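These numbers were taken from a predicted model, which means no experiment stands behind them. In what follows, every chain begins at residue 1, and chains take the letters A, B, ... in the order their sequences are listed.
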Amino acid sequence: MDAPFRPGASTVFRQCAALPRPGWLNSPTIQGIMAYDHKQIEAEWQRRWKEQGTFRTGNDPARPKYYVLDMFPYPSGAGLHVGHPLGYIASDIVARYKRHCGFNVLHPMGYDSFGLPAEQYAIQTGQHPAKTTEENAARYRAQLDRIGFSFDWDREVRTSDPAFYKWTQWIFLQLFNSWYDPRADKARPIAELVARFERQGCQGQDADVLTGDTEEFIGPFTADEWKGFDERTKQMVLQRFRLAYLSEAWVNWCPALGTVLANDEVKDGVSERGGHPVERKRMPQWSLRITAYAQRLLDGLEGLDWPEALKETQRNWIGKSTGASVRFPVGDDFIEVFTTRPDTLFGVSFITLAPEHVLVAKFTTHDRRTEVEAYVKRATNRSERERQADVDRISGVFTGSYAKHPFTGADIPVWVGDYVLGGYGTGAVMAVPGGDQRDWRFAKHFGLPIIAVTEGADVGKEADERKDATICSEGFLKGLQVPQAITRAIEELEKIGAGEGKVNFRLRDATFGRQRYWGEPIPIYYKDDIPYPLPESELPLKLPEVDKFLPTETGEPPLARAKNWTYEGYPLETTTMPGWAGSSWYFLRYMDPKNEGRFASPEAIDYWGQVDLYIGGSEHSTGHLLYFRFWTKFLHDLGLLPFDEPAKKLVNQGMIQGISMMAKVQASTKDGEEHYLVLPPDSKGEGIFERNYLVDHVLLREGKHWINEDGAAKTREVPAFRGFHLSGPSIELKPVVEKMSKSKYNVVNPDDIIAKYGADTLRLYEMFLGPLEQSKPWDTHGIEGTFRFLKKFWNLFHGPEDAFNVTDETPTKAELKTLHATLKKVTEDIPKMSFNTSVAQFMIAVNELHALRCNKRAVLEPLTIALAPFAPHIAEELWRRMGHAESISTAPWPQWEQRHLEEDSFTYPISFNGKMRLQLELPLTLDAKAMEAAVLANPEVQQRLEGKTPKKVVVVPKRIVNIVV
RNA sequence: GCCCGGGUGGUGGAAUGGUAGACACGAGGGACUUAAAAUCCCUUGGUCCGCAAGGGCCGUGCGGGUUCAAGUCCCGCCCCGGGCACCA
């Protein structure tokens, strides 16, 4: 009260708002207003939240639940950069918002702490991966804490913790002890399959049982034969049905990493991590039968609120195609092929087998043997990358055998060609050069006959792959349209027993064993080389100590180095699980993280249910997110989960890119030392190359980026920049947007931002940058805007000398309008995840309230609650200063009211032929007719009409008036 | 090649078919200051006419179309990003 000019107290002030402020207001004493001390406030509230357990979450069946989950991080040695928290900030806003709305919110965090980098580091330094993992996790935790997340850390999980991986191993055992029943379309205990074999045997590969399509054919056997099998044979047969199984299979072997990789871990023929070459190799291998779930994984996408692009990626990856299976007899054997175009059967002029095809050797005639064997050897030794690299080179060899066409009985030559993939379908194709470009090129290359299958095709030039054509090849399909011909061909195939309609998937079973140390041990032991599951009582099977984290001299995985790596004298499995094992079910453990008797109690699972909102990067589309769904469906089949999809809604946050500063650099050697001269970006000449400059020490001047001697000196402290000198007093640098990466010197550390501006500013700025889903560059300069906003917000509550000053006066209509417009916008934006527009609205509100000199509790209190999810520390502090003892997180969400937004007049844009020409304020009480009259009566409108009568006047109440002349 | 996204000022971006460019950065000008920082005020899509007040024209990747009205809807292209790809 001692300050006569405190904001909001003077009507004179309000009227003067638009005028320049008198100079004395800017005097140093009044400058004391600037006392928003983010450092002190944030440290204080982070301490309180921790001490008071503000965000500890109980299982409370009386309250509605909401489960917001982030994809947990792999704690790498590099720590977090500003891109990492983007999704966490978004999920934290939703979590906090939902708490205000009365939900019991589960918002946990943990670490995906098994993985390659810790092990690579261990190999180099001899440090145990558990130690580096622990250190890295602690560092992550400290960084995350500084951002002020409302995670319930009491529920933290780590996949490398034995108490956690005990249950990963337990789920593995359930997979091992299950088979997939295609009739019931679900997983069932393997014991039921055994009982069935004892009862009725097995018809081999039929519709009643499902085997993986990467395995060899299983011959039929009777119940009596089954009973007569020895233990070994029985177990070998059962392996072909288990959902976790050991088989001899083609795998992606990465020599550099010394391990096998799943398909999603290989990109363009090199490993996703590290970019090392990948070979195809045949070896015994643990796999998970995800293919059994292909159709359900595809169908399940329908009901999910996931990004369309991501669902499409999964659909592509699953790769369903519908067609027919056709058998071509060869002597007393046959070749089975899969085709999507059985309508082109009369155009088949040869058959091609993949080099890996099991029947190649059998069908090769004596005189062709040498040539075929040489070809097969050459083809299978080529790495995936080599194979993909020269797709254009055509190679193949004739086996010397002929197959019989099922309809015409004609002899069809059997070839081997590496354009046919061993891993897809049956590894054999019926070649129709007239209808398939790949077959066409092969035929052309080897001079094989090309038969036209469709009317209007010019097969001399290329194959005709149209699906809206008419069949013209001789036979009963002639004259039919393609779709009808497909149906008809399948009918005929089924009639003569030469084939049937079939669905094929591109999805492969997932290789599950890794020849590495730092992963979950697979709970299996071997008796007479037959794998047996470890009893549950033996779990967790803890990782043993080893002398080195390297393979043994004989090439066995690191676990083979462990002493006594046995169970009751029998050797234990030495491969470990892949990185994605723990992340396939971790969301369940958060529900009941300390449970020692189960992976989670049924009560906890029933209460928390599906994840309501899952946020993470789109790079997990075909890996994690597919396994995550697969395991959920499997546990559902066993009756352990009431739902069969893990996450209802999923959002992919975009990447925050870094801005690299490019300079032209010229290298020279002087006194045996290297020197680099930094040149302006337009420099040209010999020996000049581009180089990223360290971003931190670059200046912004007149919208351009510069480096001067001062910045260069600081940069020189970084070893990579030693020996750098500027060619002038300051050099302009060229900004380039790229992925944030240490090697590009464009990484921005959130700790630095927080130290300077505070966590609330960081949170607001990351949200303000643009739509969450979009990738966008980080520009530290822009952060000033959100920082200023928070200072202005703070100043609404404070008078001179930082004296807290909020009144209980009744707010004006204008103030209430600002408040309610903001509440409305923010309440509508949060569920849409449109946080950038929310922040913009808060800025508008503060600008308006500032101009109105509003410091009224009735306005500022609800506004503070609305801001709390975004900027929780400043909100807590102001809330406390407004006299509240409880955390603001307990305050109910303020509701907006329409009545405060309503006006009695509206300023209409008046347009002529769609072009806005003037504005006219009209009362909202007028109806369309009265409005038209009022508009036309306006002198300015009259003047523009120049006496003409308008053709038409369009009046849209509360929107626009358009006059057509 | 196929399938998804997406092209708006100097920059990040905003716009239920209804005033394009909210909000912010940057830039320019000004106030305060010995000065700087901080803060505050004004201007800021391009262009043309005008001393000014003001006004005209162009403008959301390109070309058409629907509509009183199109960044938004439809058709045809171009470019950028992502996914799949010798998948039969």
Please state how far atom CD in Glu465(A) lies from atom P in rA85(B), giving the value in whole angstrom units. 18 Å
Gap between atoms CD1 and C1', on Ile394(A) and rC86(B) respectively (whole Å): 10 Å
Pair Phe768(A) and Phe835(A), ring centroids less than 6.0 Å apart: no
Testing Val846(A), Thr818(A), Thr822(A) one by one against Gln841(A) for a side chain to side chain contact (heavy atoms under 4.5 Å, CB included), which residue passes? Thr822(A)
If the P atom of rC80(B) is compared with that of rC75(B), how far apart are they to the nearest Å? 23 Å
Between rC48(B) and rG29(B), how far is it from one C1' atom to the other, in whole Å? 24 Å
Is there a side-chain contact between Arg506(A) and the phosphate of rC86(B), meaning an N or O under 4.0 Å from OP1 or OP2? no
Between Ser325(A) and Glu336(A), is there a side-chain donor-acceptor contact under 3.5 Å, judged purely by atom types and distance? yes
Heavy-atom nearest nucleotide on RNA chain B taken for Asp436(A) and for Leu310(A); more 5' hit belongs to Leu310(A)
Taking the same atom, C1', in rG71(B) and in rU60(B), what whole-Å distance lies between them? 5 Å
Within the 4.0 Å limit for protein heavy atoms, which parts of nucleotides 18-25 of chain B are touched? Write it as a string from 5' to 3', B for base, S for sugar-phosphate only, - for none. BB--BBSS
Establish, with yes or no, whether the OP1 or OP2 oxygen of rA88(B) is under 4.0 angstrom from a side-chain nitrogen or oxygen of Arg441(A). no
Side chain to side chain donor-acceptor pair (under 3.5 Å) between Lys320(A) and Gln295(A), intermediate numbers included: CA-CA 8 Å; Lys320(A) 180 179 182 176; Gln295(A) 187 64 51; 2.9 Å; yes
Taking side chain as C-beta onward, heavy atoms only, is Arg315(A) less than 4.5 Å from Leu301(A)? yes
Using atom P in both nucleotides, what's the gap between rA70(B) and rG46(B) to the nearest angstrom? 24 Å
Could you tell me how far apart Lys791(A) (NZ) and rC40(B) (C1') are, to the nearest whole angstrom? 13 Å
Scan Pro771(A) against the nucleic acid and name what it touches under 4.0 Å (heavy atoms): base, sugar-phosphate only, or nothing. sugar-phosphate
salt_bridge(Asp37(A), Lys39(A)) N-O dist < 4.0 Å: no
For rG45(B), is chi within 90° of 0 (syn) or not (anti)? anti
Cation-pi between Lys311(A) and Trp306(A): NZ/CZ under 6.0 Å from ring centre and within 45° of the ring axis? no
Side-chain N,O (Lys952(A)) to OP1/OP2 (rC68(B)) below 4.0 Å: yes
Of residues 317-325 of chain A, the positions that come close to RNA chain B - non-hydrogen atoms, cut-off under 4.0 Å: Trp317(A), Ser321(A)
Quickly work out the Phe787(A) CZ to rA38(B) C1' distance and round it to whole Å. 10 Å
Distance in angstrom units between Arg315(A) CZ and rA85(B) P, rounded: 17 Å
In whole Å, what is the span from the CG atom of Leu86(A) to the P atom of rG12(B)? 17 Å
Quick check, are the ring centers of Phe906(A) and Tyr908(A) under 6.0 angstrom apart? yes
Tell me the interatomic distance from Trp306(A), atom CH2, to rG83(B), atom P, rounded to whole angstroms. 18 Å
Can a donor-acceptor pair be found between the side chains of Thr454(A) and Asp464(A) at a distance below 3.5 Å? yes
If we ignore angles and hydrogens, is there a donor and acceptor under 3.5 Å between the side chains of Ser618(A) and Ser621(A)? no
Distance between P atoms of rA69(B) and rG18(B) (Å, rounded): 14 Å
Distance, P atom - from rC4(B) to rC58(B), rounded to whole angstrom: 37 Å
Take atom C1' in rG6(B) and the same atom in rC57(B), then report the distance between them in whole Å. 31 Å
Kindly indicate whether the side chain of Lys734(A), heavy atoms from C-beta on, has any atom under 4.5 Å from the side chain of Met661(A). no
Let me check I have this right: for RNA chain B, each base becomes ., (, ), [, ] or |, based on Watson-Crick or G-U pairs with both distances under 3.5 Å. What is the full string? (((((((..(((.....[....)))((((((.......))))))(((((....)))))..(((((..]....))))))))))))....
On a whole-Å scale, what distance lies between the P atoms belonging to rG13(B) and rG81(B)? 16 Å
Nucleotide nearest Asn316(A) (side chain, heavy atoms from C-beta), chosen from rG83(B), rA38(B), rC4(B): rG83(B)
Would you check if Arg441(A) and Tyr419(A) make a side-chain contact, meaning some heavy-atom pair closer than 4.5 Å? no
Nearest-nucleotide check on RNA chain B, Arg341(A) vs Gln314(A); residue mapping nearer the 5' end is Gln314(A)
Ring centroid separation Tyr765(A) to Trp778(A) under 6.0 Å: yes
In whole Å, I'd like the distance from the CD1 atom of Ile656(A) to the P atom of rG81(B). 20 Å
